[in-house]
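In what follows, a single structure is set out as structure tokens and then discussed.
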Amino acid sequence: MESRGCSACREMPSLFAFTMAFQPVVDVQENRIDAHEALVRGPNGEGAGSILAQVTPETLYAFDQACRVKAIEMAARLGLDTQLNINLLPNAVYEPRACIRLTLDAARRHGFPLDRLTFELTEGEQLAEVGHVRNIIREYRRHGFKIALDDFSTGYSGLARLADLRPDIIKIDRALVQDCDQDRVRLAIIASLVALGAELGIKVVAEGIERREEAEALRGTGLRFMQGYFFSRPVFEGLAHPQDALASLETLRPLSAPPGLAWARPEAVPGWSRTA
């Protein structure tokens with residue numbers, strides 16, 4: 001693996017043009033922006049799909065490296081002062097120590113603190129062997145980086161990966177969050193993940209929140225960190241203004257019970273009945 005990684009570093013191919021958008025992660029307990037996720041975009045605002053479709057096995061390593069550097073450079077230029085979340089492609093990391101050099105150089109050049117970098121592993125990606133991913137995580141943590149497990153679900157593969165990789169953060173998949181205010185089962189599962197996170201010292205983030213009712217239901221489980229269109233769409237080559245991103249919090253109704261207990265009131269879930 002090492003020789004392949006070193007070869008990839010030396011023979012970096014030229015890439016297509018791309019840029020970044022940033023979407024905030026909101027702390028609903030402290031009414032602040034906790035982090036921003038860097039999301040790849042085309043130079044004219046094209047969606048991520050149009051860019052990722054141009055990535056080939058031959059350019060995967062170069063693309064992964066270029067995304068990291070671009071995200072750090074742009075975040076520093078924009079004056080980002082929160083955590084910066086960058087998507088990580090583990091299959092593009094041949095040898096962790098070699099493949100991290102450009103990231104460290106970019107952070108050093110732009111004065112971006114290493115302990116404010118979080119790398120998100122996407123659960124949906126077919127990962128290399130677990131031992132290799134663990135080596136990546138070990139090396140990244142050595143530099144102060146945090147590790148998030150993105151698109152987390154509660155199937156066997158998700159729970160097994162949680163046990164194997166021990167991330168600092170899990171981001172609950174939109175498929176579980178969607179319409180959770182109308183589904184007591186979904187809400188109970190999310191509440192159990194919040195409790196699990198508290199037990200293991202893992203930060204739990206819900207992503208893909210689009211409606212006020214979803215945010216209210218999630219807050220009732222005790223979930224603290226949220227991301228989605230309800231707060232802010234990704235901002236093309238810019239950052240959401242905190243006042244705008246946090247304005248949605250003012251529309252949330254007061255909790256009817258302490259966080260972590262509100263979800264347990266059946267009558268709080270629309271459509272629930274004792275005969276259902």
Side-chain angles (χ1 to χ4, degrees), residues 5 8-9 12 15 17-27 30 32-43 45 48 51 60-90 92-122 133 135-150 165 167-171 202-203 205 207 225-227 231-246:
C9 289
M12 197 81 78
L15 289 172
F18 71 91
T19 186
M20 292 286 170
F22 296 86
Q23 187 176 35
V25 177
V26 173
D27 179 343
E30 295 193 1
R32 66 182 181 87
I33 294 178
D34 177 69
H36 288 81
E37 180 178 359
L39 300 164
V40 68
R41 292 290 185 268
I51 300 302
L60 179 62
Y61 175 84
F63 179 70
D64 177 68
Q65 294 291 313
C67 281
R68 300 170 183 218
V69 172
K70 177 81 73 175
I72 293 169
E73 288 177 347
M74 191 167 290
R77 187 169 72 245
L78 293 169
L80 186 145
D81 59 0
T82 67
Q83 287 292 127
L84 172 61
N85 296 1
I86 301 173
N87 289 287
L88 168 66
L89 302 175
V93 178
Y94 303 127
E95 201 289 314
R97 288 193 179 186
C99 296
I100 206 173
R101 291 172 187 162
L102 287 179
T103 304
L104 296 174
D105 289 345
R108 192 174 298 113
R109 284 199 317 273
H110 297 281
F112 200 92
L114 298 182
D115 62 0
R116 284 207 274 113
L117 288 174
T118 297
F119 286 90
E120 298 190 7
L121 292 162
T122 301
V133 180
N135 288 338
I136 295 172
I137 292 174
R138 188 180 302 112
E139 178 64 19
Y140 281 32
R141 282 185 169 146
R142 192 171 71 84
H143 294 283
F145 302 159
K146 294 181 177 62
I147 300 296
L149 196 54
D150 196 13
L165 303 182
D168 304 292
I169 302 163
I170 58 173
K171 300 185 76 174
I202 296 174
K203 179 189 290 188
V205 180
E207 52 187 353
F225 301 98
M226 305 186 193
Q227 178 180 353
F231 301 100
S232 173
R233 290 178 175 271
V235 179
F236 181 71
E237 296 186 338
L239 303 176
H241 193 285
Q243 186 174 352
D244 296 334
L246 299 175

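Everything quoted here is computed from the prediction, not taken from an experiment.
Rounding to the nearest 0.5 angstrom, the gap separating the OG atom in S232 from the CD1 atom in I33 is 7.5 Å. How far CD1 of I86 is from CE of M20: 7.5 Å, rounded to the nearest 0.5 Å. Distance check, rounded to the nearest 0.5 Å: CG of N85 to CD of Q227 gives 7.5 Å. H36 contributes atom NE2, which lies 4.5 Å from atom CG of L239 (distance to the nearest 0.5 angstrom).
Under the 6.0 Å cut-off for aromatic ring centres, F63 and F18 qualify, their centroids lying closer than that.
Between E37 and K171, at least one side-chain nitrogen of the basic residue sits less than 4.0 Å from a carboxylate oxygen of the acidic one, meeting the salt-bridge criterion. With salt bridges taken as basic N to acidic carboxylate O contacts below 4.0 Å, one links K203 and D34.
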- Task: Apply side-chain contact (heavy atoms from CB on, under 4.5 Å) to I72 and L84, showing your working.
- Result: CA-CA 8 Å; I72 293 169; L84 172 61; 4.2 Å; yes
- CA sep, side-chain torsions, deciding dist, call: L149, I169, side-chain contact (heavy atoms from CB on, under 4.5 Å): CA-CA 6 Å; L149 196 54; I169 302 163; over 6 Å; no
- Show your reasoning for whether side-chain contact (heavy atoms from CB on, under 4.5 Å) applies to L104 and L114. CA-CA 8 Å; L104 296 174; L114 298 182; 3.9 Å; yes
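With sequence neighbours left out, F119 forms a ring pair (Phe, Tyr, Trp, His ring centres under 6.0 Å) with Y140, F145.
Using a distance-only test at 3.5 Å, with no hydrogens or angles considered, a donor-acceptor pair links the side chain of E95 to the main chain of R97. Proximity of a side-chain donor or acceptor of H110 to a complementary backbone N or O of F112 within less than 3.5 Å is not detected. Between the side chain of Q65 and the main chain of C99, a donor-acceptor pair closer than 3.5 Å is present. Panel note: side chain D168, backbone I147; a donor-acceptor pair is recorded below 3.5 Å.
Between L88 and the choices I136, T118, V133, the side chain to side chain contact (heavy atoms under 4.5 Å, CB included) rule is met once, by I136.
Listed by first then second residue, pairs satisfying salt bridge (charged side-chain N to carboxylate O under 4.0 Å, His left out) with a partner in residues 71-87 read E73-R109, not counting sequence neighbours.
The environment of Q243 atom CD is sparse: at most 12 non-hydrogen atoms of other residues, nucleotides or ligands sit within 6.0 angstrom.
Side-chain N/O atoms of T19 and R41 include no donor and acceptor closer than 3.5 Å.
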